[in-house]
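To start, the structure under review is shown below, and the notes come after it.
Only this structure's heavy atoms are used, side chains among them; waters, hydrogens and symmetry mates stay out. Each ligand, and each atom within it, is numbered from 1 in the order the structure gives. Counting begins at 1 with the first residue of the sequence.
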Amino acid sequence: MADKDDTNPDRGFLRGLQSYGDRDFSIYMRRAFAKSMGYTGEELARPIVGIAYTHSRFNPCHRHFPELLDAIKRGVAAAGGLALEFPTTSLHESTLAPNSMKFRNLMAMDTEEMIRAQPMDSVVLMGGCDKTVPAQLMGAASAGKPAIQLIGGPQMTSRYKDDRVGACTDCRKFWTQFRAGKLDRAGIDAVEGRLVTTAGTCAVMGTASTMAAIAEALGMTLPGTAAIPAVHADRLRAAEATGARAVALAQSDLTPDKIITTGAIENAARVLLALGGSTNGVIHLAAIAGRLGLGLKLERLNELSDTTPVLAAVKPVGNEFYMEDFFAAGGIGAVLRELKPLLHLDALTITGETLRERLAAEAGDYVDRRVIKTAADPIEPQGGIVALFGSLAPDGAILKRSAATPSLFEKTARAVVFTSLEDMAARVDDPALDVTADDIVVLQNAGPRSAAAMPEAGFLPIPKKLLEAGVKDMVRISDARMSGTAYGTIVLHVAPEAAIGGPLALVRDGDRIRLSVKERRLDLLVDESELAKRRSSHGVRPAGSGTASRGYDKLFRETVLQAPDGCDFDFLRR
Ligand code: FES
């Protein structure tokens with residue numbers, strides 16, 4: 001056990017002693033239990049690195065985490081620290097009901113409290129699947145101890161017949177073919193076994209890869225590590241180096257608030273836009289910023305979007321490249337170097353160097369220009385995501401224009417309304433549904449305070465009879481979210497949402513809606529007198545009401561904020 005003079009309660013294993021009214025007794029008790037794990041005094045006197053460990057058999061994206069954990073621990077030990085992993089909530093997209101977003105804040109609270117309550121000097125955050133990365137960054141930002149994130153990394157692609165496939169842009173492509181009768185049951189069953197064939201997160205620029213990029217652009221990961229494939233040996237080397245860096249952090253005061261500054265948040269937003277990244281990234285970045293008293297206003301996002309080119313041709317942008325190609329092409333570093341004149345270069349990274357120093361060290365590194373374009377010759381001159389405002393979305397809505405159909409950007413059309421997910425499921429494929437390809441499909445009551453808790457349902461299905469007629473895209477509007485792997489002319493995150501009485505709740509079949517991407521507008525073309533009538537008969541429930549009467553469900557319904565505030569809980573923001 002540690003020497004007598006090694007009883008500094010401000011660091012290491014003796015941090016945060018329980019109070020029994022006798023400090024020496026508290027030390028004696030903690031030592032007694034530590035001895036049961038076989039640690040020596042010398043080990044316990046080292047800097048303590050906690051590892052927020054999110055391996056779970058309910059989370060296939062993290063199935064390689066045991067091997068990564070070993071590598072982190074090697075790095076910690078080699079640098080003279082003691083690594084102690086601890087379990088936290090783990091979230092996977094396909095195994096949580098009603099959806100993983102509902103539990104992001106639970107994971108953030110769990111992570112924050114365990115970092116704060118347990119005796120560690122720094123923490124390695126092991127994240128990967130969509131919501132895990134923002135949850136850990138939110139929690140670590142609030143906990144206030146030095147933290148570094150290790151990303152799990154993306155899956156490798158596989159094959160189905162002549163097609164190269166990867167989750168999950170291709171999941172949707174094949175499913176759409178199946179619904180349209182162009183792929184039979186045997187075909188879709190075969191595809192099911194080919195889409196996800198290695199450990200790691202989805203193989204395209206979905207939410208997980210977007211959030212990994214954001215974590216690196218914020219400065220919270222080691223440089224060059226966000227896009228390394230999950231099964232690549234470089235990923236193990238990155239884990240070991242992350243462990244070593246965590247030991248140095250344990251002896252520093254480089255807390256997340258010194259890394260995640262306004263400049264870093266804007267850098268991350270630029271990267272998100274340049275990647276044509278997931279719309280979920282906008283919500284998560286706002287939530288992370290909110291933990292430190294900072295913000296990411298949608299109006300500012302539009303300013304950044306107007307001056308940020310789309311540079312990465314990674315699905316769902318383009319139709320060819322996957323994350324493994326993006327990594328081999330130069331990864332986030334290559335994107336950052338192209339964006340350099342637009343970035344806040346004084347932002348600190350977790351290595352202690354500035355972004356300027358990082359980029360200078362990487363000048364001249366290889367870039368595959370088929371995948372990552374130059375700023376002078378971009379895929380699009382403006383950013384992939386745009387915020388819309390207007391009478392249908394007074395507080396804003398989001399459109400991912402880089403994954404949308406430009407010919408639909410300026411459109412005034414008739415609304416076909418579904419009042420809930422259940423209503424949509426019941427009627428969308430009805431041959432008698434009154435809908436044409438020229439209409440705008442609207443889904444209500446799928447926002448954060450709805451019973452559905454803002455699922456990734458914004459990729460509203462095109463009615464079957466239109467699909468069979470060859471319609472590939474149409475304007476769709478909702479207060480839901482959309483998977484980062486989805487595509488189409490889809491307006492999301494309408495705020496305020498329908499469930500708290502936002503104008504979206506007042507739309508009726510046959511109303512005219514005007515979308516103008518050029519003007520950043522989304523308007524409901526219905527007289528105010530008619531809207532007032534609808535409002536009075538609508539029976540809007542006050543915010544936070546609903547059927548949830550206990551537990552986390554109740555906490556969520558009563559305190560979750562709208563999308564522009566990151567869907568965090570109101571009491572967790574600073
Ligand atoms: Fe985990 Fe896509 S399901 S990243």
Go through it in stages, so that I can follow the logic: the residues are Arg235 and His64, the test is side chain to side chain donor-acceptor pair (under 3.5 Å), and I'd like the CA-CA distance, side-chain angles, deciding distance and then a yes or no.
CA-CA 11 Å; Arg235 173 67 50 208; His64 58 314; 5.7 Å; no
Strictly by modelled atom types, are Thr489 and Asp473 linked by a side-chain donor-acceptor pair under 3.5 Å?
yes
Under the side chain to side chain donor-acceptor pair (under 3.5 Å) criterion, do Asp423 and Gln444 qualify, and how do the steps go?
CA-CA 10 Å; Asp423 180 35; Gln444 301 166 325; over 6 Å; no
Let me confirm one number: the CZ-CG distance from Phe569 to Leu555, rounded to the nearest 0.5 Å.
4.5 Å
Going by the angle between their ring planes, with limits at 30° and 60°, are Trp175 and Phe178 parallel, tilted or perpendicular?
tilted
Where does the angle between the aromatic ring planes of Tyr552 and Phe556 fall among parallel (under 30°), tilted (30 to 60°) and perpendicular (over 60°)?
tilted
Using a strict cut-off of 2.8 Å, how many protein N/O/S atoms surround atom 2 (Fe) of ligand 1?
1
